[in-house]
Protein chains: 2
Amino acid sequence: MDFRLKDPSYSDELSLRQQVFNYILEAVLSGRFKPGEPLTELKLAEELGVSRTPVREALRQLEYEGLASSIPNKGVIVNGISETDIEEIYAIRALVEGLAVKWAAERITDKQRSDLEETFELMSFYTRKKDYQQLGKYDARFHNLLFDSCQSKVLRHILRMLMRYVEHARIGSFRVSERAEQALEEHRAILEAVLEGSADKARDLMTMHINNALVNLMEQRKAGEKKDQA
Amino acid sequence: MDFRLKDPSYSDELSLRQQVFNYILEAVLSGRFKPGEPLTELKLAEELGVSRTPVREALRQLEYEGLASSIPNKGVIVNGISETDIEEIYAIRALVEGLAVKWAAERITDKQRSDLEETFELMSFYTRKKDYQQLGKYDARFHNLLFDSCQSKVLRHILRMLMRYVEHARIGSFRVSERAEQALEEHRAILEAVLEGSADKARDLMTMHINNALVNLMEQRKAGEKKDQA
DNA sequence: TACTGTATTATTGTATACAATTATACCATA
DNA sequence: TATGGTATAATTGTATACAATAATACAGTA
C-alpha cells in the first residue's frame, strides 16, 4: 500500500502534483476516502513520500472540481453526494451532452469519425464478451471522443467536471448489468446520427440515453439498498 | 498602482491567496493583463509584496476557471476569447440558466422571493436613472439570487464558471445601451414566472433573454470594430 | 554569415522553515 | 461532577531555500 509515486510504473511524465492528484482522486472515487473524512496535508504527504506543497495543490484542485470542500484554517473534507445531487447532475448532463453531440455532428473531423467508429467496434466486441472492465474503458473513451469532436474548449471543460461528479457517484457499476446491451444500441444510434450529420437527432438521442442511464442507476441503487438490509 | 494587499481597504477577512486571486482576476477581466501575456510568479509576487506561494495558488485557480493556461515548466498565459467562444458560452448559458430558473421557480424560499423583488425594484430604479454602473451591480445580484434559489450546489458551481467567462469577454458594456430597458422588461417577466411558480415558462423566458443578450452583444462588437477602423 | 554547442540566466517545481490559527488535553476551582 | 482557563499539540497559511528544467546569449567554427 505504501508505494512511492516516483515508482516509474506510475507514469513518469506527469508532475508530482498531477500524480498526487490522481492518487487522491482515485481514493475518493473508489470510496477509500469517504465523504466527511478530513484530508490532512501532512498525512497524505507522508503516505506518498512527498512534501506538503504538491499535496496542497492537489487538494485545491479536488476542491475546484467540487469533490471536496475546504474550510479556512481547518482543512479539506471529502464531499458527499446525495441522491438529489445525482439526479441534478444527470439533468444537467442531458442538456450539456445533448448540445455536445449536436455540435459534434456539425463539426466532427475525418480522423475523429474513424476513431469513434473504431472505439464503437471495440465496445460492441466487449459487450458480446461481457468483459465489463474493458467495456467501461472504451465507453469512457467513446464519450471523450464525442466531446473532443465538438471542438469546444468551454464545453470540454464543463463536461470534464460533470463526468468527475458522475464517477464520484460510483456510476461505474451500471455497466455490470443487462443494460449494457441496451446502452450499446443507444450508442450505435447516437454514433450513426453524428456520422450522418443529423445534429438535432443526435442531441435527442443523447438526452434519452442519459435519462435511461439515470433510471437504471436509481433502480440499481434501490436494489443495492435492499440487499444491504437483508 | 503599487498598493499592498494588506491594506485594510482591500477586505481583510480574505486569505492572501484569495486576495491575490481577486487582484489577478480583476486585471485579466479588465484587460490590463492581455490574452497571450505570460504571468510569471515572481513578478506578480513582487508587484503585490507577497511570496510566490499564494500567487502560485491563485494562478492555478485562474487556470481551473479557464481564464489561463499553464504549460509545465514554462508558466501560465492568459487565454484569449474568440467570437466563437462567446457564442458557445451563450448557447450553454441559455440551456443551463434556463434549467436554473426552472428549478428556482420550483424551489425558491420566501426569503429569496423578497430579496429578488427588492433587487428588481432597484434595477428598475437605476434603469430609469440611467445609472448603468449601479444597474450592472444589481443585475449581477439578480442573477446570483436566481442561481441561489435553485438550491443546487452543482448548478451554482457551473454557473459561476460560466459567468467568469462571460465577464472575461467584457460583457459589462452591454448595459450601456438602449437595451437596458428591454432587458428590464425581460427580467420582470422572468421574475413573475419564477414567483408564480411557472417553471417551464421561466425557463423559456430566460433562454430568450440570453439569446437576445447575445444578439445585442454581437451587434455592439461589430459597431465597435467599425468605430475602431474609422 | 550561418550554425552549433555551451555557459548563463530565468522560471517553474518541490521541499523545508516559520507564523498563525484552531483544536485538544489537562488541571484548578466552584 | 461540571466548568473554565491555560498550556500543548495539530494543522493550515505563508515565506524562503533548493533543485530541475527550459530559454537565451554568446562564442567558436565551418
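Every chain is numbered from 1, with letters handed out A, B, ... down the list of sequences.
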Using only heavy-atom distances, determine whether the side chains of [X] and [Y] contain a donor-acceptor pair under 3.5 Å.
X        : Y        : result
A:Gln151 : A:Arg156 : no
B:Tyr126 : B:Gln133 : no
A:Tyr165 : A:Glu65  : no

Length of the line joining [X]:[atom1] and [N]:[atom2], which is rounded to integer Å:
X       : N      : atom1 : atom2 : value
A:Leu42 : D:dA9  : CG    : C1'   : 13 Å
A:Glu41 : C:dT14 : CD    : P     : 15 Å
A:Leu16 : D:dA20 : CG    : C1'   : 12 Å
A:Leu39 : D:dT12 : CG    : C1'   : 14 Å
B:Glu46 : D:dA15 : CD    : P     : 13 Å
B:Lys43 : C:dT9  : NZ    : C1'   : 16 Å
B:Gln18 : D:dT12 : CD    : P     : 17 Å

Which residues pass the salt bridge (Lys or Arg N to Asp or Glu O under 4.0 Å) test with B:Glu63, sequence neighbours left out?
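Expected list: B:Arg60.
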Closer to the 5' end of DNA chain C via nearest nucleotide, is it A:Pro72 or A:Arg17?
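Closer to the 5' end of DNA chain C: A:Arg17.
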Does a side-chain N or O from A:Lys74 land closer than 4.0 Å to OP1 or OP2 of C:dA23, or not?
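For A:Lys74, the contact criterion (side-chain N or O under 4.0 Å from OP1 or OP2 of C:dA23) is met.
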Sequence neighbours left out, what passes side-chain hydrogen bond (donor to acceptor under 3.5 Å, both in side chains) with A:Thr109? Give chain and number order.
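Partners of A:Thr109 under the side-chain hydrogen bond (donor to acceptor under 3.5 Å, both in side chains) test: A:Gln112.
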Residues two or more places apart in sequence or in another chain: which of them pass side-chain hydrogen bond (donor to acceptor under 3.5 Å, both in side chains) with B:Thr84?
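Checked B:Thr84 against side-chain hydrogen bond (donor to acceptor under 3.5 Å, both in side chains); zero matches.
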Contact class for B:Ile71 (heavy atom, under 4.0 Å): base, sugar-phosphate, or nothing?
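Answer is nothing: B:Ile71 stays at 4.0 Å or more from every strand.
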For the helix from C:dT1-D:dA30 to C:dA30-D:dT1, how many degrees between its two end axes (five pairs per end), to the nearest 10°?
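The helix from C:dT1-D:dA30 to C:dA30-D:dT1 shows an end-to-end axis angle of 0°.
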Passes side-chain contact (heavy atoms from CB on, under 4.5 Å), B:Met218 versus B:Ile86? Steps please.
CA-CA 9 Å; B:Met218 286 307 173; B:Ile86 295 178; 3.9 Å; yes
Assert yes or no for the condition that the ring centre distance of B:Phe142 to B:His187 is strictly below 6.0 Å.
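Yes, the ring centres sit under 6.0 Å apart.
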Is there a residue in residues 51-63 of chain A whose heavy atoms reach under 4.0 Å of DNA chain C, and which residues are they?
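Residues of residues 51-63 of chain A under 4.0 Å from DNA chain C: A:Ser51, A:Arg52, A:Thr53, A:Pro54.
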Under 3.5 Å, sequence neighbours excluded: what are the donor-acceptor pairs made by side chains of residues 96-103 of chain B?
from	atom 1	to	atom 2	distance (Å)
B:Glu97	OE1	B:His143	ND1	3.3
B:Glu97	OE2	B:Arg93	NE	2.6
B:Glu97	OE2	B:Arg93	NH2	3.0

